[in-house]
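Small disclaimer: the values here were computed from a predicted structure and weren't measured.
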Amino acid sequence: MRLPLFTAPIAALLALSLLGTAPSPIVTAVGVAPDGSSVPQLRVEEAAQADGPLRINRPLQGLVMTWEDGRAVRLAGAHVGTGERSVQTDRHGRFSIPAAIRTNQVNVVAAGYRIVRQQTTADYIVIYVAPLDVRAIYVPYDELRRQAVLDWALGLARAGIVSSLVIDVKDEGGAVLPMVANDIARDMGAVRDTGTDLEAFFNELGRLGIHRIARVVTFLDGRLARAYPETAVRTPQGEIFRDSIGLAWTDPFSDLARRHNVEIGVNAARTFEEVQYDYVRLPTDAGAAVRIGTTSDERSAIIAQFAQEAAQALHAVGAALAFDTFGQTTVIAHDDGIGQILEDMAPYLDYYSPMVYPSTWTPGWFGLDYPPADPYLVVLSSVSLAVERLRPFPNVVVRPWLQDFHDYQAEKLFYGRAQVMAQIEGSAEAGGQGFMLWDPSLNYQMEVLADLEPQPPGGG
């Protein structure tokens, strides 16, 4: 007998309270139990264990919920994917997947919560998601070549010092890891192996419950610009444009350039829970023809279009979408020639990650004579502005990049434990959720992370 829609959550709660007792096959609970422990898939048919999405010619309905203060809360705006398409939950946390796009795969992406990827052939499910607390460090592409670095990162994960890692899968030169390569990357020789066992490394991170973030350098891509000249940003004279340090860029208005980066992200989603696009903009140099020949509205619209294309693809396969921007994008309301207006990107993002490094703010910002000397106020002010501007977009979480390297402005200030902690505190007080530390040399202020409450393996 099919349970009525309104009784299903009650039945699911009963199932959770009787872990190990099989509930009605109409109701399947997946995700997280009230005590925070993992809930196994309940009463899944054999067909659901097949590799890859299996077409199911029946609709799927359900709820997405979490636990707050000991009670179940429904989540609005969560993305529920089938591996091929996705839908969003309504204001009551309900979703409905038509038979035409139904598979046995169910993925849930909700900003601020852990990703859920499950298989089921049940026709009604209640999915519980656990809160996600990201304290991350960045590991550059070239450092992945060193087994000692991989072992060091795993040690941090096992000790609960970090709950997340941001790892390059496509770098500033356009090179990609083998595991994320698409046909375009292979054809132009952009695949670059690290010589280390990355599969074992990423699998162990997953076993430890580490939130894995794939960093994709997007439109700064000399390899694609050379191999496919039609994608390249040009000078007004028609030559391939190069920025102030001699690097070539691809044009966001190029369908091929956008598709290449979306495909890299989708391939990364097989291993990573989140895909973070960096350099998702036009070059800052005024000599790029695309800046001269377009309006602010056109530039912002094409960046927003890329966000929409990436979101549709990633939410279907169960990965969150993040964009990096300059810290100043939190403050300015125009696109500054590079196509980034926060409110235009926001409808498609799960995470907004401004690089609010104090050393990037020049004298006068926030009323400060020398912003790097007051890291707390710089981060508090910029993150507060971002949080306020994103209030109309409740499904976007602000999670900033913070500075864990020495000041490079005139005074060359030392950045140590106090300066990094001041940024963390400023972001938290402003409403930022989690943080990521940037230092490509890997000389992180580990005592700061160690002083924070350790993250249990797999914990939120």
* **Heavy-atom donor-acceptor pair, Tyr444 side chain to Tyr138 backbone, under 3.5 Å** => yes
* Asked: Can you find a heavy atom in the side chain of Asp404 that is under 4.5 Å from one in the side chain of Gln423?
  -> no
* Asked: When you check the gap from the basic side-chain N to the acidic O, do Asp335 and Arg281 get nearer than 4.0 Å?
  -> no
* **Check: Gly77 main-chain N/O paired with Gln88 side-chain donor or acceptor under 3.5 Å** => yes
* **Straight-line distance of Gln445 CD to Asp451 CG, nearest 0.5 Å** => 11.0 Å
* Under 3.5 Å: donor-acceptor pair, side chain of Thr329, backbone of Thr325 -> no
* Looking only at non-hydrogen atoms, find the nearest pair between Lys170 and Thr218 and report the distance. => NZ-O, 3.1 Å
* Asked: So Arg299 and Gln340, side chain to side chain contact (heavy atoms under 4.5 Å, CB included) or not? Walk me through it.
  -> CA-CA 8 Å; Arg299 293 189 295 267; Gln340 291 180 336; over 6 Å; no
* Asked: Counting heavy atoms not belonging to Glu447, are there more than 12 under 6.0 Å from its CD?
  -> yes
* To do: Would you please test Ser441 and Asn443 for side-chain hydrogen bond (donor to acceptor under 3.5 Å, both in side chains) and show each step?
  => CA-CA 6 Å; Ser441 68; Asn443 293 318; 3.1 Å; yes
* First locate atom CG of Leu220, then atom CG of Asp278, and finally report the distance between them rounded to the nearest 0.5 Å. => 9.0 Å
* Structure fact -> Output for pair (Ile341 CD1, Asp297 CG), nearest 0.5 Å, gives 7.0 Å
* Asked: Just by distance, do the side chain of Gln118 and the backbone of Val106 share a donor-acceptor pair under 3.5 Å?
  -> no
* To do: Evaluate the criterion side chain to side chain contact (heavy atoms under 4.5 Å, CB included) for residue pair Met179 and Phe202; output intermediate values, then yes/no.
  => CA-CA 11 Å; Met179 64 179 58; Phe202 289 129; 3.5 Å; yes
* To do: Take Arg114 and Val129 through the test side chain to side chain contact (heavy atoms under 4.5 Å, CB included) and record every step on the way to the result.
  => CA-CA 6 Å; Arg114 288 190 168 272; Val129 293; 6.0 Å; no
* To do: Answer whether the closest heavy-atom distance between the side chains of Tyr352 and Pro354 falls below 4.5 Å.
  => yes
* Step-by-step side-chain hydrogen bond (donor to acceptor under 3.5 Å, both in side chains) determination, Asn107 to Gln105 -> CA-CA 7 Å; Asn107 308 311; Gln105 189 70 40; 3.0 Å; yes
* Exam field: side chain Thr250 to backbone Asp221, donor-acceptor pair closer than 3.5 Å -> no
* Short side-chain to backbone donor-acceptor contact, His406 and Tyr415, under 3.5 Å -> yes
* To do: Report yes or no: does Thr196 contribute a side-chain atom to a donor-acceptor pair with the main-chain N or O of Arg146 at less than 3.5 Å?
  => no
* For residues Glu172 and Tyr141, determine if any side-chain heavy atom of one lies less than 4.5 Å from a side-chain heavy atom of the other. => no
* Does the ring center of Trp67 lie less than 6.0 Å from the ring center of Tyr128? -> yes
* Asked: Can you find a heavy atom in the side chain of Ser382 that is under 4.5 Å from one in the side chain of Trp361?
  -> yes
* CG-CG distance between Leu385 and Leu342, expressed to the nearest 0.5 angstrom -> 10.5 Å
* So, for Phe323 and Tyr351, is the gap between ring centers shorter than 6.0 Å? -> no
* Asked: Counting N and O atoms only, with roles assigned by atom type, does the side chain of Asp336 sit under 3.5 Å from a partner on the main chain of Ile338, one being a donor and the other an acceptor?
  -> no
* To the nearest 0.5 Å, what is the distance between CE (Met188) and CZ (Arg186)? -> 11.5 Å
* **Step-by-step side chain to side chain contact (heavy atoms under 4.5 Å, CB included) determination, Glu84 to Thr103** => CA-CA 8 Å; Glu84 299 173 0; Thr103 72; 4.3 Å; yes
* To do: Considering non-hydrogen atoms only, spot the tightest contact between Ser164 and Ile213 and give its length.
  => OG-CD1, 3.4 Å
* Flag the pair Glu274 and Arg215 as a salt bridge only when some basic side-chain nitrogen lies within less than 4.0 angstrom of an acidic carboxylate oxygen. => no
* **Worked check of side-chain hydrogen bond (donor to acceptor under 3.5 Å, both in side chains) between Gln312 and Ser86** => CA-CA 7 Å; Gln312 289 174 345; Ser86 68; over 6 Å; no
* To do: Determine whether Val378 and Trp365 make a side-chain contact, defined as any pair of heavy atoms from C-beta on separated by less than 4.5 Å.
  => no
* **Charged N-O contact under 4.0 Å between Arg234 and Glu239** => no
* Asked: Is the NZ or CZ atom of Arg135 both under 6.0 Å from the centre of the six-membered ring of Phe435 and within 45° of that ring's axis?
  -> no
* Asked: Is any side-chain heavy atom of Arg192 closer than 4.5 Å to a side-chain heavy atom of Val176?
  -> no
* **Atom CG of Asp369 with >12 non-hydrogen neighbours under 6.0 angstrom** => no
* **Under 3.5 Å side-chain donor-acceptor pair for Trp401 and Gln276** => yes
* To do: Ignoring hydrogens and angles, tell me if any N or O in the side chain of Thr89 forms a donor-acceptor pair with the backbone of Ala78 under 3.5 Å.
  => yes
* Asked: Is there side-chain contact between Phe219 and Val280, with heavy atoms separated by less than 4.5 Å?
  -> yes
* Asked: With a 4.0 Å cut-off, would you call Arg258 and Glu309 a salt bridge?
  -> yes
* To do: Take Tyr370 and Asp407 through the test side-chain hydrogen bond (donor to acceptor under 3.5 Å, both in side chains) and record every step on the way to the result.
  => CA-CA 11 Å; Tyr370 195 75; Asp407 172 36; 2.6 Å; yes
* Is any side-chain heavy atom of Leu144 closer than 4.5 Å to a side-chain heavy atom of Leu177? -> yes
* May I ask you to check whether over 12 heavy atoms, not counting those of Arg117, lie within 6.0 Å of atom CZ? => yes
* Rounded to the nearest 0.5 Å, how far apart are CD of Glu273 and CG of Leu205? -> 9.0 Å
* Please work out whether the ring planes of Tyr277 and Phe306 are parallel, tilted or perpendicular, with thresholds of 30° and 60°. => perpendicular
* Would a distance-only check, ignoring hydrogens and angles, find a side-chain to backbone donor-acceptor pair under 3.5 Å from Glu263 to His260? -> no
